[in-house]
Protein chains: 2
Amino acid sequence: MSCTTTLKNKGLKLTPQRRLILNIIHESGGHLTAEEILDYVHARVPGVNKSTVYRTLELLEELGCVYKSELGDRFIYHHAEEGHHHHLVCRACGKSIDCDEDVFLPVERALDKKYGFQAHFKHMVMSGLCAECRDKG
Amino acid sequence: MSCTTTLKNKGLKLTPQRRLILNIIHESGGHLTAEEILDYVHARVPGVNKSTVYRTLELLEELGCVYKSELGDRFIYHHAEEGHHHHLVCRACGKSIDCDEDVFLPVERALDKKYGFQAHFKHMVMSGLCAECRDKG
DNA sequence: TTTATAATTGCAACTGGTTGCACCAACAAT
DNA sequence: ATTGTTGGTGCAACCAGTTGCAATTATAAA
């Protein structure tokens, strides 16, 4: 279901500000920080207030339209495409690799079996070294 | 090696402020947010400036004396004991369970094999449901 | 014990992000 | 067309955390 219909179904309004923010996230494709999104918004429509942007991001996250993930010290937003997956971000070249959803299943099983602890790993973003950058040294 | 000797070996000073902050983290045993640490500091010595506290936490993390981990939206600090391990924090009762260091090995291997991506999971803090709270709810 | 020096602190200003509130816009009922 | 209601925005004040800088202090050498 598209973001716009999700909004309407909940009795929420698709305002110009929200349309703008959705467009920016969709067009970017990749991962944007809240601040980058704010900058893009202001570049197109200077008048939009920052609290509107932050509130919209929070709303879209709650609706499941975008994902908010932790990467090191900051939070990044990305579009919730069909099919969940994780992201591998190279700390050397910045490249982002889509990663299969199931890699954390062994961890979830182990935590359950050993500690009776129920954890879920959803759209994780992991920092590390990609193959090319590792070979370069 | 103790935190105090680590400081001295690097030519860094063991000031009263740093001693206080180290004591608070050691005594607490558990996980403290930066703000909680700041509150405890002020409770004992009101004059200490917040920038001193934040800078000290950053320094101690760089030295490896304390760990800074992400838990949901915030960062928590905990003492770097002998033997690394992860933490399982119950989102219902708040209880913290120490978790074996090796649970993420399958993930690290899978990421390497499938994507040539090198990632390391160190002192992770995971939110979820402990066995008791799961049975209750 | 005194001095030299680099490390450290407190301060004030600032940044990213949040919150309460008054006003505004959209829409449904009359 | 008018009104009532709900949701949304902008504003200003606020909060946690950061930064540059001048003043201070722990420490090692003399």
Side-chain angles (χ1 to χ4, degrees), chain A residues 3-25 31-63 65-78, chain B residues 2-25 31-63 65-77:
Chain A
C3 304
T4 52
T5 52
T6 308
L7 281 168
K8 283 191 180 170
N9 291 347
K10 296 232 173 187
L12 303 172
K13 295 170 188 171
L14 184 62
T15 63
Q17 292 92 331
R18 289 182 181 169
R19 205 190 310 266
L20 174 60
I21 292 165
L22 274 170
N23 281 343
I24 285 169
I25 296 176
H31 314 94
L32 296 176
T33 64
E35 214 189 336
E36 286 168 338
I37 294 170
L38 184 56
D39 286 344
Y40 283 124
V41 166
H42 278 160
R44 296 204 208 166
V45 185
V48 179
N49 195 272
K50 62 178 176 175
S51 54
T52 301
V53 174
Y54 286 112
R55 277 192 283 230
T56 300
L57 289 175
E58 197 186 355
L59 176 75
L60 293 175
E61 193 207 348
E62 279 164 17
L63 292 175
C65 295
V66 304
Y67 292 143
K68 180 188 184 185
S69 304
E70 311 171 18
L71 177 58
D73 266 14
R74 50 189 177 169
F75 294 99
I76 58 180
Y77 293 85
H78 47 113
Chain B
S2 84
C3 304
T4 52
T5 52
T6 307
L7 282 168
K8 282 192 179 169
N9 289 348
K10 295 229 173 188
L12 303 171
K13 296 172 185 171
L14 184 61
T15 62
Q17 292 92 332
R18 286 183 181 166
R19 207 189 309 266
L20 173 61
I21 292 165
L22 274 169
N23 282 343
I24 285 168
I25 296 177
H31 314 93
L32 296 175
T33 64
E35 214 188 336
E36 287 167 338
I37 294 170
L38 184 56
D39 286 344
Y40 284 124
V41 167
H42 278 160
R44 296 205 210 166
V45 186
V48 179
N49 195 272
K50 61 178 176 175
S51 55
T52 300
V53 174
Y54 286 113
R55 277 190 285 229
T56 300
L57 290 175
E58 196 185 356
L59 176 75
L60 294 175
E61 193 208 348
E62 280 165 17
L63 292 176
C65 295
V66 304
Y67 292 143
K68 180 187 182 185
S69 304
E70 311 172 17
L71 176 59
D73 267 14
R74 51 189 176 169
F75 294 98
I76 58 180
Y77 293 85

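Below, chains carry the letters A, B, ... as their sequence lines are ordered, and counting in each starts from 1. What's counted below: heavy atoms across the whole structure, side chains too, no hydrogens, waters or symmetry copies.
Residues B:R44 and B:I24 share a closest heavy-atom pair of NH2-CG1, 3.7 Å. A:R18 approaches A:L14 most closely through the heavy-atom pair CB-CD1, 4.4 Å. Nearest heavy atoms, A:H31 versus A:E36: O-OE1, 3.9 Å. What you find for A:H78 and A:I25 is that their closest heavy atoms are C-CG2, 4.3 Å.
For B:Q17 and C:dT9, the CD to P distance is 5 Å, given to the nearest whole Å. At whole-Å resolution of the value, CG in B:L63 and C1' in C:dA7 are 13 Å apart. For the pair B:R18 CZ and C:dA7 C1', the interatomic distance rounds to 7 Å; values are reported in whole Å. Per the geometry, CG belonging to B:N9 stands 11 Å off P belonging to D:dA28, to the nearest Å. Regarding B:I21, its CD1 atom lies at a distance of 13 Å from the C1' atom of C:dG10, rounded to whole Å. Atom CD in A:E62 sits roughly 14 Å away from atom C1' in C:dT18 (whole-Å rounding). The NZ-P distance, from A:K8 to D:dG7, rounds to 17 Å in whole Å. Regarding B:K68, its NZ atom lies at a distance of 16 Å from the P atom of D:dA16, rounded to whole Å.
Take the nearest nucleotide of DNA chain C for B:L14 and for A:K13: the residue whose nucleotide is more 5' is B:L14. When each of B:K10 and A:T33 is assigned the nucleotide of DNA chain C with its nearest heavy atom, B:K10 is the one assigned upstream, toward the 5' end. In terms of position along DNA chain D, the nucleotide closest to B:K50 lies nearer the 5' end than the nucleotide closest to the other residue of the pair B:K50 and B:L12.
A:Y77 OH: more than 12 foreign heavy atoms inside a 6.0 Å radius.
Side-chain contact between B:V41 and B:T52 is absent, with no heavy-atom pair separated by less than 4.5 Å.
If you run side-chain contact (heavy atoms from CB on, under 4.5 Å) between A:I37 and each of A:T56, A:I76, A:V53, A:V66, only A:V53 comes through. Of the candidates B:V45, B:I21, B:L32, B:Y40 forms a side-chain contact (heavy atoms from CB on, under 4.5 Å) with just one, namely B:L32.
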Take B:L38 and B:H42, measure what side-chain contact (heavy atoms from CB on, under 4.5 Å) needs, and give me the verdict at the end.
-> CA-CA 6 Å; B:L38 184 56; B:H42 278 160; 3.8 Å; yes
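Candidate nucleotides C:dG10, C:dT8, D:dG8 were compared by shortest atom distance to the side chain of B:T15, and C:dT8 ranks first.
Remark: B:E35 in residues 35-49 of chain B come within less than 4.0 Å of DNA chain D through at least one heavy atom. For DNA chain C, the neighbouring residues in residues 51-60 of chain B, judged by any heavy atom under 4.0 Å, are B:S51, B:T52, B:R55.
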